[in-house]
*Asks:* 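Provided herewith is a single structure, encoded as structure tokens, for subsequent inquiry.
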Amino acid sequence: MPRIRPLAPELVNQIAAGEVVERPASVVKELVENSLDAGATRLEIDIEDGGARLIRVRDDGGGIPAEELPLALAQHATSKIATLEDLEHVRTLGFRGEALASIASVSRFALTSRVAGADAAWRVAREGGKLDAARPTQHPPGTMIEVRELFHNVPARRKFLRAERTEFGHIDELVKAIALARPDVDIRLSHNTKPVRMLRPARDETALAARVGDILGEDFPANSLRVDHAAAGLRLSGWLGSPTASRSQPDQQFFYVNGRLVRDRVVTHAVRQAYADVLFHGRHPAYVLFLELPPEGVDVNVHPAKSEVRFRESRLVHDFLYRTLNEALAQTRAGAEVAPVNAPHPTMAYAPSVQSGLGLGVREPLADYAALFGAASARAGSNDMPIAADASREVPPLGFALAQLAGVYVLAENAQGLVMVDAHAAHERITYEKLKNARACDGIASQPLLVPLSIAVSEREAAVAEEHAENLAALGFEIARSGPHGVIVKRYPGLLDGADVAGLVRDVLGDLVTHGNSRRLEETQNEILSTMACHGSIRANRRLTLPEMNALLREMEATERSGQCNHGRPTWVQLPMAELDRMFLRGR
């Protein structure tokens, strides 16, 4: 073996660059984070050739004094931490102090900066391991960093760069993520001298929604739930995409911890569980969420690029995220997006007929109206005068039924226009939620196995089964440890009759080992309840009377998650009058 010897400083920096600088977008991330840490309120990012030729970031932050410029390019030199206690309470985006040195070691690098009140700006350049002396130059207060010919001295790394369009696409996605986290900062991005994004600061909620719409599409804010909830020292805020606005790819999922964009298994698992009951198979939710917690509650020093974190109380974080998001999604009742408006009742002159193929033409008896809406409403519809004559009542969010189409869709009129409801999907959700509520009220009935089931598991899973015996019993399972690598199942939930009990137990114990809790049993039971609800709901081609349709609409308005069926399909659609007028070219 060769003798042990210290590595050359330039080689050390290039090795570090292999961890920090994956592609041009990595450089932009490090430079922009430094600008934000310096208090910048304006960022100008100029890119050429996808970042391979030039990356220039200019800000109006605090700047760097002339005497500290050479030190800024030294290895592991930073102004952001000084002690171990500082490292445990990191409040800045950057803190490791190796980014600029690493970037400068694989590029032609120049740094220009001026602090407020200084007579001039100062510039230093570095190439090939040689640092030029600082010299005065002209520049407004703030800092400008130029990175040219990235990987010019590391050909093996340069050949791994993708096409110009691909590399710039990664930079653009990064800038969007930063702009979502810092709506107070003016950000301008250009590519090959052409402006790509000009994001103005957002000073109020309206401007904030507009900025989010500019970044993620104007439909995103309109199809999202605003979340802001705090408990147990944690706060979650942001936008939660509606289940009906899900996407085919997970390309609009942004999660921030104390302002830092991260990827984390605990977060991903909690979000997936929260959407489990409302998301169509194979679809992905869209969200922009910000989690705030004390800095000592999260370790950000677990990845060189700072893209991963480790929560000190991961179970608390997981439960908080799941409960907050699940409660928010439970409010996706049908009609919730349509604010109740004090407006006249829509006309209900005709009602569907069981005998009529089109569902039109026969009036319903007044007694049915009285039973559903009271005597006043019955009298209002007792003759040919439209119900619009009674303007004192509030129109329900889903309005009042008009007819049934093809035995499948309920047509209704509300204050905004036409409402179309998939009767089977809506009734399926209503039945499903009732079954879940009944299970929650009556508890989970369990039944004994004639022959106890012996299951081989890992030693850790066996220990978890013993530790969580009471929690498992509350879910209908009686599980005892039979040895270092085995458990015995004596009782199981009666609702799971015919299910793969052994496989389910292994999955539950695996969840307990990984996440400290498990909703696997509840999810499996929910799947069974969902099947029961599906088979017990209104079938296609069943003709409904007008009172039945109106009763269905009222149940939808009162049922949680009724905007989607159990499988994530939408249960209703709103067609505003303005859209109907456009379809028929009215007013043109």
Side-chain angles (χ1 to χ4, degrees), residues 10 13 17 20-21 24-80 92-153 171 174-175 178 182 185-193 195 198:
E10 192 65 12
N13 289 332
V20 176
V21 186
S26 307
V27 176
V28 175
K29 176 181 181 295
E30 297 293 342
L31 300 185
V32 168
E33 287 181 349
N34 280 341
S35 295
L36 296 175
D37 286 341
T41 60
R42 178 185 173 92
L43 287 172
E44 295 180 10
I45 306 168
D46 300 317
I47 306 296
E48 292 182 11
D49 194 17
R53 184 188 307 166
L54 171 68
I55 298 172
R56 181 191 297 119
V57 177
R58 181 186 290 111
D59 66 56
D60 62 349
I64 305 172
E67 63 274 13
E68 295 181 13
L69 286 177
L71 193 58
L73 300 183
Q75 183 184 11
H76 296 298
T78 179
S79 62
K80 300 171 186 178
T92 54
L93 296 173
F95 57 88
R96 295 168 65 98
E98 85 270 48
L100 294 185
S102 301
I103 295 169
S105 69
V106 293
S107 66
R108 295 184 170 94
F109 186 93
L111 168 61
T112 304
S113 190
R114 177 181 177 182
V115 297
D119 295 334
W122 290 81
R123 182 180 188 274
V124 294
R126 179 174 172 176
E127 182 179 347
K130 180 181 178 181
L131 181 64
D132 296 342
R135 58 183 178 84
T137 186
Q138 292 184 345
H139 191 273
T143 301
M144 179 180 70
I145 295 180
E146 295 175 299
V147 178
R148 298 181 182 273
E149 305 299 331
L150 186 64
F151 299 136
H152 75 97
N153 55 349
I171 294 173
L174 171 72
V175 170
I178 292 172
R182 292 298 302 271
V185 178
D186 187 339
I187 300 179
R188 304 188 179 194
L189 172 66
S190 68
H191 187 218
N192 295 333
T193 71
M198 299 183 67

*Asks:* Just how far is it from atom CG of Asp59 to atom CD1 of Ile45, taken to the nearest 0.5 Å?
*Replies:*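 One gets 10.0 Å once the value is rounded to the nearest 0.5 Å.
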*Asks:* Working to the nearest 0.5 angstrom, can you tell me the gap between Met198 CE and Leu189 CG?
*Replies:*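 CG of Leu189 is found 11.0 Å from CE of Met198.
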*Asks:* To the nearest 0.5 angstrom, please state how far the OG1 atom of Thr193 sits from the NE2 atom of His191.
*Replies:*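 Answer for the OG1-NE2 pair, Thr193 versus His191, is 9.5 Å.
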*Asks:* Could you pull out the closest heavy-atom pair between Ile64 and Ala72, with the gap in Å?
*Replies:*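 Residues Ile64 and Ala72, closest heavy atoms: CD1-CB, 4.4 Å.
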*Asks:* Enumerate donor-acceptor pairs with a distance under 3.5 Å from any side-chain N or O in residues 117-141 to protein atoms, sequence neighbours excluded.
*Replies:*
| from | atom 1 | to | atom 2 | distance (Å) |
| --- | --- | --- | --- | --- |
| Arg126 | NH1 | Leu73 | O | 3.1 |
| Arg126 | NH2 | Glu10 | OE1 | 2.8 |
| Glu127 | OE2 | Arg108 | NE | 2.6 |

*Asks:* Kindly list each side-chain donor-acceptor pair under 3.5 angstrom involving residues 46-54, sequence neighbours excluded, with atom names and distances?
*Replies:*
| from | atom 1 | to | atom 2 | distance (Å) |
| --- | --- | --- | --- | --- |
| Asp46 | OD1 | Ser190 | OG | 2.7 |
| Asp46 | OD2 | Arg56 | NH1 | 3.3 |

*Asks:* Return the minimal non-hydrogen interatomic distance between Arg42 and Val185, and the atom names on each side.
*Replies:*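 Scanning both residues, the minimum pair turns out to be N-CG1, 4.1 Å.
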*Asks:* Let me confirm one number: the CG-CD1 distance from Leu111 to Ile103, rounded to the nearest 0.5 Å.
*Replies:*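 Atom-to-atom, Leu111:CG and Ile103:CD1 are 11.0 Å apart.
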*Asks:* Determine, step by step, whether Leu100 and Asn34 satisfy the side chain to side chain contact (heavy atoms under 4.5 Å, CB included) criterion, reporting the C-alpha distance in whole Å, the side-chain angles of both residues, the deciding distance to 0.1 Å, and the verdict.
*Replies:* CA-CA 10 Å; Leu100 294 185; Asn34 280 341; 4.0 Å; yes
*Asks:* Specify the closest pair of heavy atoms between Ala99 and Glu30, including all atoms of both residues, with the distance to one decimal.
*Replies:*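 In this case the closest contact between Ala99 and Glu30 is CB-OE1, 3.5 Å.
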*Asks:* Please determine whether side chain to side chain contact (heavy atoms under 4.5 Å, CB included) holds for the pair Leu150 and Val106, giving the CA-CA distance in whole Å, both sets of side-chain angles, and the decisive distance to 0.1 Å.
*Replies:* CA-CA 6 Å; Leu150 186 64; Val106 293; 4.1 Å; yes
*Asks:* Can you name the closest pair of heavy atoms from Thr78 and Phe95 and give their distance?
*Replies:*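 Looking at all heavy atoms of both residues, the shortest contact is CG2-O, 3.7 Å.
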*Asks:* Return the CG to CZ distance between Leu36 and Arg182, rounded to the nearest 0.5 Å.
*Replies:*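 Output value for this atom pair is 5.0 Å.
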*Asks:* About how many Å separate NZ of Lys29 and CD1 of Ile171, when rounded to the nearest 0.5 Å?
*Replies:*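 One gets 14.0 Å once the value is rounded to the nearest 0.5 Å.
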